[in-house]
Amino acid sequence: MENITDARALEKTILVCQNRTCLKDGSAQVLAALESYDLPEVTVLASGCLGQCGSGPMVLVMPEQIWYSRVRSSEVPILVQEHLTGNKPVQAMMYPKFHPKPKRFGLF
Ligand code: FES
């Protein structure tokens with residue numbers, strides 16, 4: 001059994017789909033942008049199809065299971081700064097199918 005204080009428990013793995021549909025939408029540039037950062041507790045991996053073709057480029061951050069859709073390479077700096085470094089997922093970039101925006105209740 002691993003110790004919870006093991007440094008690996010703090011690591012993130014970020015999967016960037018490199019399958020056909022996401023590649024067509026620019027996922028190679030997203031992967032390259034992520035790989036350009038030296039993030040000691042983050043492993044960046046090219047992945048096969050993540051099963052969400054047509055909403056890509058798809059990016060999945062583990063272990064939190066935060067999905068980002070239609071990611072642009074120009075958005076990678078905010079993803080790195082806010083989520084990968086700051087541990088605050090970027091709500092505006094999340095995949096709405098898996099992270100629906102909260103419904104607003106009220107009269108207005
Ligand atoms: S090709 Fe990227 S999710 Fe299927």
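Counting starts at 1 for both ligands and their atoms, in listed order. Please read these numbers as outputs of a predicted model, since none were measured by experiment.
The one candidate from Val61, Thr85, Leu84 that meets the side chain to side chain contact (heavy atoms under 4.5 Å, CB included) condition with Val42 is Leu84.
If you check each of Gln52, Gln18, Arg20 against atom 3 (S) of ligand 1, the one with the closest non-hydrogen atom is Gln52.
Here is the list of ligand 1 atoms found below 4.0 Å of a heavy atom in Thr21: 1 (S). With ligand atoms numbered from 1 in the order given, ligand 1 contributes 3 (S) to contacts under 4.0 Å with heavy atoms of Gly51.
A donor-acceptor pair is defined here as one N or O able to donate and one able to accept, closer than 3.5 Å; no such pair exists between the side chain of Glu75 and the backbone of Met93. In this structure, the side chain of Ser73 does not engage the main chain of Val30 through any donor-acceptor pair within 3.5 Å. With hydrogens and angles ignored, the 3.5 Å screen pairs a side-chain donor or acceptor of Arg70 with a backbone N or O of Gly54.
Residue Cys53: no N/O/S atom is found under 2.8 Å from atom 2 (Fe) of ligand 1. Within the coordination shell of atom 2 (Fe) of ligand 1, defined by N, O or S atoms under 2.8 Å, Cys17 is present.
Hydrophobic cluster membership differs between Met58 and Val76, with clusters built from Ile, Leu, Val, Met, Phe, Trp and Tyr side chains linked at under 4.5 angstrom.
The closest approach between Gly56 and ligand 1 stays at or above 4.0 Å for every heavy atom of the residue.
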